[in-house]
Amino acid sequence: MINGKIIKVCGMCEAENIRDVESLEGIDMLGFIFYPKSPRYVYELPAYLPIHTRRVGVFVNEDKQVVSMFADRFGLDYVQLHGNESPEYCRSLHTAGLKIIKAFSVARPKNLTKVYEYEEVCNLFLFDTKCEQYGGSGNRFDWNILHTYNGHVPFLLSGGINPYSANALKEFKHPRLAGYDLNSRFEFTPGKKDSERIQTFLNELKS
């Protein structure tokens with residue numbers, strides 16, 4: 001954690017890159033994308049999986065049995081759902097013992113109205129930029145919209161966070177802000193993270 005906030009790096013693929021990013025002080029979660037249309041799709045078990053950070057699997061409208069299979073195979077600590085999964089869908093996975101992060105795309109305040117239906121079945125929410133595809137736009141939305149969110153589930157902030165976002169993140173306050181989700185703006189190529197860029201960002205966040 002940095003300043004009491006969770007740091008999640010999503011879209012990991014390669015063993016050595018996973019090891020490098022995990023070794024950075026302050027990293028709490030590493031995400032693996034199990035969505036075949038993503039350029040960061042993990043199609044085989046990497047030779048190394050994180051030991052010290054929590055493992056998050058990202059899914060989009062996937063069959064529950066497939067989610068459970070990957071959760072078991074990869075030893076996932078959290079399942080992050082990025083599609084149109086219903087509260088009932090989340091509840092069944094939650095009841096099976098999985099911790100749930102439900103992602104919501106945000107462009108205007110009305111996009112937050114349905115999140116309250118998920119409060120009893122999710123451990124965390126993730127608020128991302130609304131775009132045509134499921135996640136990964138690399139663009140930032142207006143964080144001020146989140147001041148209309150007054151639920152009790154903590155959330156991760158995602159969407160367009162880049163190496164120069166540290167000051168803006170430090171200025172953004174919300175009682176349920178739990179942490180930050182880093183992805184495309186910290187990469188050499190899709191799925192390969194620049195650990196030096198992440199380290200510089202973390203240092204800025206601490207200062």
Side-chain angles (χ1 to χ4, degrees), residues 1-34 38-40 42 45-58 70-71 73-80 82 98-103 122-129 135-140 143 146 153-207:
M1 293 183 113
I2 303 286
N3 301 335
K5 297 290 185 283
I6 294 166
I7 306 295
K8 174 176 173 280
V9 180
C10 201
M12 304 301 299
C13 295
E14 301 172 8
E16 283 310 306
N17 197 224
I18 293 166
R19 200 188 297 270
D20 287 345
V21 174
E22 183 190 28
S23 70
L24 302 176
E25 188 178 346
I27 303 294
D28 302 284
M29 296 178 170
L30 292 180
F32 300 89
I33 297 176
F34 302 106
S38 170
R40 299 166 186 85
V42 180
L45 197 70
Y48 176 82
L49 285 170
I51 299 165
H52 309 293
T53 63
R54 283 162 283 178
R55 305 174 188 180
V56 181
V58 179
F70 276 113
R73 190 174 168 211
F74 277 72
L76 299 179
D77 298 291
Y78 286 84
V79 166
Q80 181 175 313
H82 251 277
L98 291 170
K99 292 181 179 174
I100 308 295
I101 302 172
K102 182 70 183 85
C122 294
N123 301 86
L124 285 166
F125 290 151
L126 182 143
F127 296 134
D128 198 0
T129 306
S137 71
N139 297 316
R140 175 179 160 178
W143 298 342
L146 298 181
V153 175
F155 67 86
L156 300 176
L157 186 59
S158 185
I161 295 174
N162 65 55
Y164 307 103
S165 298
N167 286 336
L169 289 170
K170 285 189 282 189
E171 288 171 9
F172 176 71
K173 310 288 185 192
H174 191 288
R176 292 289 177 263
L177 174 62
Y180 315 117
D181 183 62
L182 317 180
N183 195 344
S184 61
R185 297 300 191 93
F186 294 87
E187 291 182 325
F188 293 116
T189 56
K192 185 166 185 181
K193 300 298 184 282
D194 182 344
S195 56
E196 289 187 14
R197 211 183 306 175
I198 296 172
Q199 183 64 72
T200 301
F201 168 79
L202 297 179
N203 291 342
E204 286 284 320
L205 213 50
K206 278 190 254 186
S207 65

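Position 1 is the first residue of the sequence, and the numbers go up from there. Not measured: the values here are computed from a predicted model.
A distance of 10.0 Å separates CD of Glu16 from NZ of Lys192, quoted to the nearest 0.5 Å. Separation of atoms OG (Ser207) and NZ (Lys170) is listed at 3.5 Å; rounding is to 0.5 Å. Ile7 contributes atom CD1, which lies 11.5 Å from atom CG of Leu30 (distance to the nearest 0.5 angstrom). Between the NZ atom of Lys8 and the CG atom of Asp28 there is a distance of 11.5 Å, given to the nearest 0.5 Å. Note that CZ of Arg55 and CG of Leu76 are 8.0 Å apart. Values are rounded to the nearest 0.5 Å. Atom CZ of residue Arg73 and atom CG of residue Leu49 lie 10.0 Å apart, to the nearest 0.5 angstrom.
Shown here for Ser23 and Asp20, the closest heavy-atom pair between the two residues is OG-O, 2.6 Å. Of all heavy-atom pairs between Gly11 and Ile33, the closest is CA-CD1, 3.9 Å. For Ile27 against Val21, the heavy-atom pair with the smallest separation is CG1-O, 3.5 Å. When every heavy atom of Cys10 is checked against every heavy atom of Val58, the shortest pair comes out as SG-CG2, 3.7 Å. The two atoms that bring Gly191 and Glu187 nearest to each other are N-OE2, 2.9 Å, heavy atoms only. Summarising the geometry of Ile2 relative to Lys206, their closest heavy-atom pair is CG2-CG, 3.6 Å, with the distance given to 0.1 Å.
Surrounding NZ of Lys5 are more than 12 heavy atoms belonging to other residues, nucleotides or ligands, all under 6.0 Å away.
Ring pair Phe127/Phe155 is tilted by interplanar angle, where 30° to 60° counts as tilted. Phe32 and Phe74 have tilted rings, their planes meeting at an angle from 30° to 60° on a 0 to 90° scale.
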Report task. Could you walk me through whether Phe188 and Asn17 pass the side-chain contact (heavy atoms from CB on, under 4.5 Å) test, one step at a time? Result -> CA-CA 11 Å; Phe188 293 116; Asn17 197 224; 5.7 Å; no
Requested in this report: Using the side-chain contact (heavy atoms from CB on, under 4.5 Å) rule, take Met29 and Leu124 through it: C-alpha gap first, then chi angles, then the decisive distance, then the call.
Outcome: CA-CA 13 Å; Met29 296 178 170; Leu124 285 166; 3.9 Å; yes
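You'll find the side chain of Leu177 stays beyond 4.5 Å of the side chain of Trp143, heavy atoms only. Considering only heavy atoms from C-beta on, Asn183 comes within 4.5 Å of Lys193 through its side chain. Side-chain contact check for Met1 versus Ile6: some heavy-atom pair is nearer than 4.5 Å. For the pair Phe186 and Asp194, the minimum side-chain heavy-atom distance is 4.5 Å or more.
Arg19 has no carboxylate O lying under 4.0 Å from a charged side-chain N of Glu22, or vice versa, which leaves the two without a salt bridge.
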Would you give me the side-chain donor-acceptor pairs under 3.5 Å for residues 157-165, sequence neighbours excluded?
{"residue": "Ser158", "atom": "OG", "partner": "Asp181", "partner atom": "OD2", "Å": "3.0"}
{"residue": "Asn162", "atom": "OD1", "partner": "Tyr164", "partner atom": "N", "Å": "2.6"}
{"residue": "Asn162", "atom": "OD1", "partner": "Ser165", "partner atom": "N", "Å": "3.3"}
{"residue": "Asn162", "atom": "OD1", "partner": "Ser165", "partner atom": "OG", "Å": "3.3"}
{"residue": "Ser165", "atom": "OG", "partner": "Asn162", "partner atom": "N", "Å": "2.9"}
{"residue": "Ser165", "atom": "OG", "partner": "Asn162", "partner atom": "O", "Å": "3.3"}

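In terms of modelled atom types and a separation under 3.5 Å, the side chain of Asn3 and the main chain of Leu205 share a donor-acceptor contact.
Between Gln199 and Asn203, the side chains place a donor N or O and an acceptor N or O closer than 3.5 Å (distance only, hydrogens not considered).
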